[in-house]
Amino acid sequence: MQGKELTSQYLDELNDIQRKAVTTLDGPVMVIAGPGSGKTRVLTYRIAHLIRSGVAPWQILALTFTNKAAKEMKARIETVVGQSAYKVWAGTFHSLFARILRVEAHRIGYPNDFTIYDTDDSKSAVKEIIKSLKLDPKVYNNGAIRSRISSAKSNLITPRLYAANEDYLNQDAVNRRPMTYKIYEKYVNKCIRSGAMDFDDLLLQMFKLLYQNPDNIREKYQRQFKYLMVDEFQDTNFLQYEILKQFCIYENSPRNVCIVGDDAQSIYSFRGATIENILQFENDFPELQTFKLEQNYRSTSHIVQAANDIINNNTRQIQKKIWTDRIGGHKIKMVKAMTENEEGKMVADNIVEQKNRYSLANKDIAILYRTNAQSRIFEEYLRRYNIPYKIYGGLSFYQRKEIKDIIAYMRLSINSKDDEAFKRVINYPRRGIGQTTLAKISTIADDNDVSMWECLNSIDFNVRAKQKLIDFVKLIRTFQAKAVQADAYKTALFIVKKSGIVDLLKSENSIEGQARIDNINALLDGIQEFTEDDVLDEGEDINKQERTLADFLQTISLMTDQDKNTENPDTITMMSVHAAKGLEYKSVFVVGVEENLFPSYMSLSSPDQLEEERRLFYVAITRAEEHICLSFANSRYQYGNVRYNDPSRFLEEISNDDVEANISMKKKPEFGPPKILGNFKPLKSATQKSLPMDVGDFSPSPAADIKVGHKILHLKFGIGEVLSIDERNVATIKFDSNIDSPEKRIMLQYARLQIME
DNA sequence: GTAGTCACTATTTGA
DNA sequence: TAGTGACTAC
């Protein structure tokens with residue numbers, strides 16, 4: 001990469017306002033960046049400009065919310081300043097702080113090789129505490145408690161402050177969960193003795209580290225980070241802002257801090273983000289310079305107009321006028337369907353038509369929805385029409401059971417105090433360590449305030465349990481030994497082999513089992529890649545790390561699916577509106593634009609939340625460059641019932657001038673397919689599992705009559721063939737209907753099966 | 001230990 | 001409706 005031509009014309013690529021934002025390097029700066037206004041360009045060129053003005057790359061701290069944004073940023077800085085771009089401290093809040101804590105955690109009572117708990121781990125820990133306090137798990141819903149704790153941490157409310165905070169206590173009282181403070185306290189203890197930090201801790205402990213070590217630590221970083229930048233500032237929470245202030249508010253600070261964001265695109269208040277931070281920023285830095293990027297380069301004028309019309313209905317916003325010089329273009333299309341099924345069909349038809357008429361590629365098109373559950377119907381029609389698509393969201397690779405199981409073994413090998421990992425693998429695969437033994441360990445660990453692993457020695461078990469535990473400890477110790485002397489890949493391979501999980505999956509002899517093994521192999525491939533990825537000598541990425549298993553674990557615990565290979569060649573994109581933030585497509589379909597859905601029924605009662613829904617809708621339509629289509633259905637299935645929803649109030653907020661006239665909302669809905677497609681037959685929903693015959697005809701045959709080779713009927717699984725019957729009268733039956741796992745093992749004495757002629 | 005049953009719930013989601 | 005977690009009955 002040496003000798004790469006460095007662009008020096010980058011300043012010419014900017015408009016006046018953008019250029020000012022890029023070249024105003026000193027003092028506090030606020031950039032309000034409307035959709036499509038070249039925000040990323042400003043951000044990256046500003047960093048490039050800093051470097052070219054003589055600031056060392058490692059003196060720049062650039063915080064983002066997603067790995068993807070950070071990666072993109074670094075890549076784009078590189079095109080201007082070359083390899084030194086990778087010496088910039090650019091990354092997510094969580095990943096950069098995790099890196100620092102990896103070195104400094106011992107100063108605040110954590111081991112440096114602490115585990116990072118994901119949301120599931122936290123929930124599971126909370127659940128156990130609820131159980132140990134003998135509270136009703138129905139009242140004390142572990143998810144709700146976890147978000148409560150998360151919210152407290154994000155507002156710098158420690159357990160002690162929580163117990164004295166009237167607001168929190170009152171809210172808990174109203175929710176009939178008065179013991180929440182106690183759970184919080186125990187949860188914090190549990191994390192400490194497990195050597196674990198949850199996602200909020202990565203921020204909170206970072207704050208603590210700086211706050212409690214003003215001389216040696218805080219000052220060090222204050223001196224290092226001469227220039228601070230925060231992307232998507234409207235998404236920061238209180239705690240994140242407090243940390244930022246630790247870096248730049250102190251005596252004789254140059255106060256070189258630049259925040260970039262758009263209050264109109266703040267859509268994450270439900271996870272603690274607060275627009276108050278923008279107002280607070282103006283208070284904390286009264287000398288700040290503000291630049292508003294108002295020219296939209298992305299969309300044509302009807303789209304920009306409509307977006308403005310909508311957002312103007314919000315009262316709380318920073319005044320700005322988004323405009324475009326791309327006058328004209330296509331008007332907004334509104335599509336009314338009778339049912340959700342028809343909506344699916346009409347959208348798919350429109351996609352076909354657009355592709356033909358405007359020669360759009362699949363990757364130019366996106367379907368955006370408010371809730372992930374809406375994707376199914378569109379999936380069905382696109383599949384039917386043979387249009388490739390990709391659905392984003394849903395279960396990530398690292399949340400799959402088999403992956404979490406393997407990773408739990410790895411975690412335990414690196415940090416044996418990790419209780420969540422311990423619980424996960426202690427009896428998986430089965431090694432005869434049952435609930436009783438586990439409960440005993442858990443209680444004693446709790447009583448002595450140590451991790452489960454640490455208290456194993458001090459407990460009297462019966463001989464059998466004891467032997468099993470000794471074997472388990474031995475196993476983990478071999479993993480630990482391997483981890484010390486081998487690289488991540490070799491260690492991982494060893495753990496996968498010796499843990500017995502793959503053998504167990506193999507023995508299941510099912511398609512699912514095989515799929516899981518494939519996933520584990522994919523994980524191993526990923527680890528191999530990680531291990532062999534050579535570190536560059538020159539221009540080494542400041543964020544690249546060693547290649548041990550511990551490093552791998554840290555990397556993946558902060559990674560999500562969207563960060564992984566996005567080698568989708570040419571597919572339609574389907575995702576929630578939230579997930580689409582920051583992306584753009586030539587043609588966007590926003591579907592389900594109905595009252596109770598978009599805006600969500602959950603937000604109708606609160607004006608603030610309604611405004612957030614409106615911002616979300618604003619984000620949705622501003623993703624479009626040239627075409628936007630808003631669709632809604634008269635009725636749709638929600639929770640098993642047909643629900644009739646009115647068109648969304650947001651639709652009325654769009655001026656008629658920007659809406660395609662021929663498809664007005666008043667027009668009678670069209671039935672049947674548009675002409676271009678000929679006689680298309682509506683298909684039956686894939687989830688409507690039709691029974692092979694009427695239930696009334698069903699009369700189970702006596703178990704004794706059922707023999708190998710019989711065709712049988714099962715009420716739930718349909719028609720199947722008996723493949724074998726073992727000595728305990730368990731039949732293996734192959735059902736045609738169940739494509740995912742055709743073979744079921746069914747106990748004849750209990751199952752209701754009818755022999756068919 | 002496990003298949004089946006019951007009761008419950010139901011946005012958005014990054015790290 | 002559909003997915004999940006807890007319980008139950010062998």
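Scope of the values below: all heavy atoms of this structure, side chains included, with no hydrogens, waters or symmetry mates. We name chains A, B, ... by the order of the sequence lines, and we start the count at 1 in each one.
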Taking 4.0 Å as the cut-off, does a side-chain nitrogen or oxygen of A/Tyr639 come that near to OP1 or OP2 on B/dT11? yes
Atom-pair distance (CG on A/Asp120; P on B/dT13), nearest Å: 15 Å
Report the distance from atom CG of A/Asn67 to atom P of B/dT13, rounded to the nearest whole Å. 17 Å
A/Asp136 CG to C/dA6 C1', straight-line distance once rounded to whole Å: 13 Å
What does A/Ser600 touch in the nucleic acid at a heavy-atom separation under 4.0 angstrom: a base, only the sugar-phosphate, or nothing? base
Is A/Phe65 touching bases, backbone alone, or none of the nucleic acid, heavy atoms closer than 4.0 Å? sugar-phosphate
Any side-chain to backbone donor/acceptor pair from A/Ser600 onto A/Leu597? Under 3.5 Å, distance only. no
Side-chain N or O of A/Lys123 less than 4.0 angstrom from OP1 or OP2 on C/dT4? no
Please work out if A/Lys127 contacts a base, only the sugar-phosphate, or nothing of the nucleic acid, heavy-atom cut-off 4.0 Å. sugar-phosphate
Of A/Val577 and A/Asn141, whose closest DNA chain B nucleotide lies nearer the 5' terminus? A/Asn141
Would you call A/Arg411 and A/Asp121 a salt bridge, taking side-chain N to carboxylate O under 4.0 Å as the test? yes
From OH of A/Tyr369 over to C1' of B/dT13, roughly how many Å is that when rounded to an integer? 13 Å
Using a distance-only criterion (donor-acceptor N/O pair, under 3.5 Å, no hydrogens), is the base of B/dT11 paired with the side chain of A/Arg370? no
Ion pair check, A/Lys68 and A/Glu72, cut-off under 4.0 Å: no
Any salt bridge linking A/Asp113 with A/Arg102? Criterion: basic side-chain nitrogen under 4.0 Å from a carboxylate oxygen. no
In whole angstrom, give the distance that lies between atom CE of A/Met602 and atom P of B/dA10. 7 Å
Among B/dT11, B/dT13, B/dG14, which nucleotide has an atom closest to any side-chain atom of A/Thr66? B/dG14
Face-to-face contact A/Phe270 to B/dT12 six-ring, under 5.5 Å, under 30°: yes
Within the pair A/Ser576 and B/dT13, is there a side-chain N or O less than 4.0 Å away from OP1 or OP2? yes
Side-chain heavy atoms of A/Asp262 within contact of A/Pro35, under 4.5 Å: yes
In whole Å, I'd like the distance from the CD atom of A/Gln265 to the C1' atom of B/dT12. 16 Å
What's the NZ-C1' distance between A/Lys401 and C/dT4, to the nearest Å? 15 Å
If you take atom types as modelled and just measure distance, does the side chain of A/Thr119 reach the base of B/dA15 with a donor-acceptor pair under 3.5 Å? yes
Rounded to whole Å, how long is the line connecting atom CG of A/Asn641 with atom P of C/dA2? 13 Å
Is the phosphate of B/dT13 approached by A/Asn372 (side-chain N or O, under 4.0 Å from OP1 or OP2)? yes
Using a heavy-atom cut-off of 4.0 Å across all strands, would you classify A/Gln638 as base, sugar-phosphate, or nothing? nothing
Is it true that A/Lys123 and A/Glu420 have a side-chain N and a carboxylate O under 4.0 angstrom from each other? no
